[in-house]
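Sharing a structure below in structure tokens format, with a few things to ask.
Quantities reported herein were computed from a predicted structural model and do not represent experimental measurements.
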Amino acid sequence: MPLAEHLREFRKRLVLAAAGIAVGMVAGWFLYTPVFEALQSPVLEAAERDDALVTVNFSGVATALDMQIKMSLLIGLIVSAPWWLYQLWAFIAPGLHRRERRYTFGFLGAAIPLFASGVLFGWWVFPRAITILTGFTPEGAANFLDAQTFMTFAMRLILAFGLAFVFPVVMIALTWTGLVSARTWLRGWRWAVFLIFLAAAVLTPTPDAVTMLFMAGPMVALYFAAVGVGVLRERAVRGRTPAA
């Protein structure tokens, strides 16, 4: 495609992705109450367990409305993930060969369940992180959690896990198309582990090491799993190549 056509295609896919997120945001508006109650439950459990004052606090008159709008957007990003991941694939596909397009479609099929797995894992990690972090509150002290900060932390954490779990699909895609060999990924494992921990520190919305480790651990495991898939792929290709 000429550059102008690429830009038109990018704009088209961006608009479609934004429309899908907007529809997801509408769904997020109706899902807000059960999501809020589910995310608040570990705070209430921590308060009951420690017999302490730990609560989510709304500090302003319009805070509840503002938070519901932001939460609806974040929920919309999560529920519309299959749509905007498809738009990303649809933008890349015209620049690939027919065989590569088929592979990319397969990688998209892997990206969606991996994103969902990351979201579920983040949902599992969140209450445990809250239990650990609120446990540092001194006896006799109160812990008033700002509602916006608390809910933004929760949704960003869950979304970050979803995006992190998609990363191995990109690795496999690059290996599958021959752009990066599995040996190259394996040779750079030290740098990869360092960058994974750095990314986990940036993506997690709090500065504590516990949440960072919860994210970095699965990412490291998925990195080496992706390397293993790449090795198997290259061996299969070599096995099909006739000897000279």
Shortest non-hydrogen pair, V79 vs P82, comes out as O-CD, 3.7 Å

Between L14 and R11, is a side chain to side chain contact (heavy atoms under 4.5 Å, CB included) present by the stated rule, with each step listed? CA-CA 5 Å; L14 190 62; R11 183 179 61 184; 5.6 Å; no

Contacts satisfying side-chain hydrogen bond (donor to acceptor under 3.5 Å, both in side chains) that involve residues 13-33 (not counting sequence neighbours) are E9-R13, R13-Q87

- Item | Donor-acceptor under 3.5 Å (W84 side chain, L77 main chain) | yes

On a heavy-atom basis, the closest approach of F115 and L85 is CB-CD1, 4.5 Å

Hits for ring pair (Phe, Tyr, Trp, His ring centres under 6.0 Å) against W124, two or more places apart or cross-chain, chain-then-number order -> F121

task: State plainly whether one hydrophobic cluster holds both F30 and M67, where clusters connect Ile, Leu, Val, Met, Phe, Trp and Tyr through side-chain heavy atoms under 4.5 angstrom apart.
output: no

- Task: Compare all side-chain heavy atoms of V15 with those of K12 and state whether any distance is below 4.5 angstrom.
- Result: no

Residue set satisfying ring pair (Phe, Tyr, Trp, His ring centres under 6.0 Å) with W185, at least two apart, ordered chain then number -> none

Q. Should V26 and I78 be counted in the same cluster of Ile, Leu, Val, Met, Phe, Trp and Tyr side chains packed under 4.5 Å apart?
A. no

Closest non-hydrogen atoms of I69 and M25, given as atom of the first, atom of the second and distance, are O-CE, 3.7 Å

- prompt: Mind checking whether W189 and L222 sit in one hydrophobic cluster, side chains of I, L, V, M, F, W, Y counted as touching below 4.5 Å?
  reply: yes

Rounding to 0.5 Å, atoms CD (Q68) and CG (L65) come to a distance of 7.0 Å

Flag yes if L213 and F165 sit in one hydrophobic cluster, no otherwise; membership is Ile, Leu, Val, Met, Phe, Trp, Tyr, and two members link when side-chain heavy atoms are under 4.5 Å apart.
yes

Closest heavy-atom pair, S41 versus A38, reported as atoms and distance to 0.1 Å, is OG-O, 2.7 Å

Ring pair (Phe, Tyr, Trp, His ring centres under 6.0 Å) filter on F167, not counting sequence neighbours, yields none

Note: F161 and G118 closest approach over all heavy atoms is CB-O, 3.1 Å

Taken in chain and number order and not counting sequence neighbours, the residues that satisfy ring pair (Phe, Tyr, Trp, His ring centres under 6.0 Å) with Y86 are W89

Residues joined to V23 in its hydrophobic cluster, side chain to side chain under 4.5 Å directly or through other members, sorted by chain and number, are none

### Query
Given I158 and L39, is the side chain to side chain contact (heavy atoms under 4.5 Å, CB included) satisfied, shown in steps?
CA-CA 11 Å; I158 292 167; L39 293 175; 4.2 Å; yes

Find out whether M71 and L31 are in side-chain contact, i.e. whether some heavy atom of one side chain is under 4.5 Å from a heavy atom of the other. no

One should read off an interatomic distance between L195 CG and W191 CH2, to the nearest 0.5 angstrom, of 7.0 Å

query: In the single-linkage hydrophobic clustering (I, L, V, M, F, W, Y; side-chain heavy atoms under 4.5 Å), do L74 and L120 co-cluster?
result: no

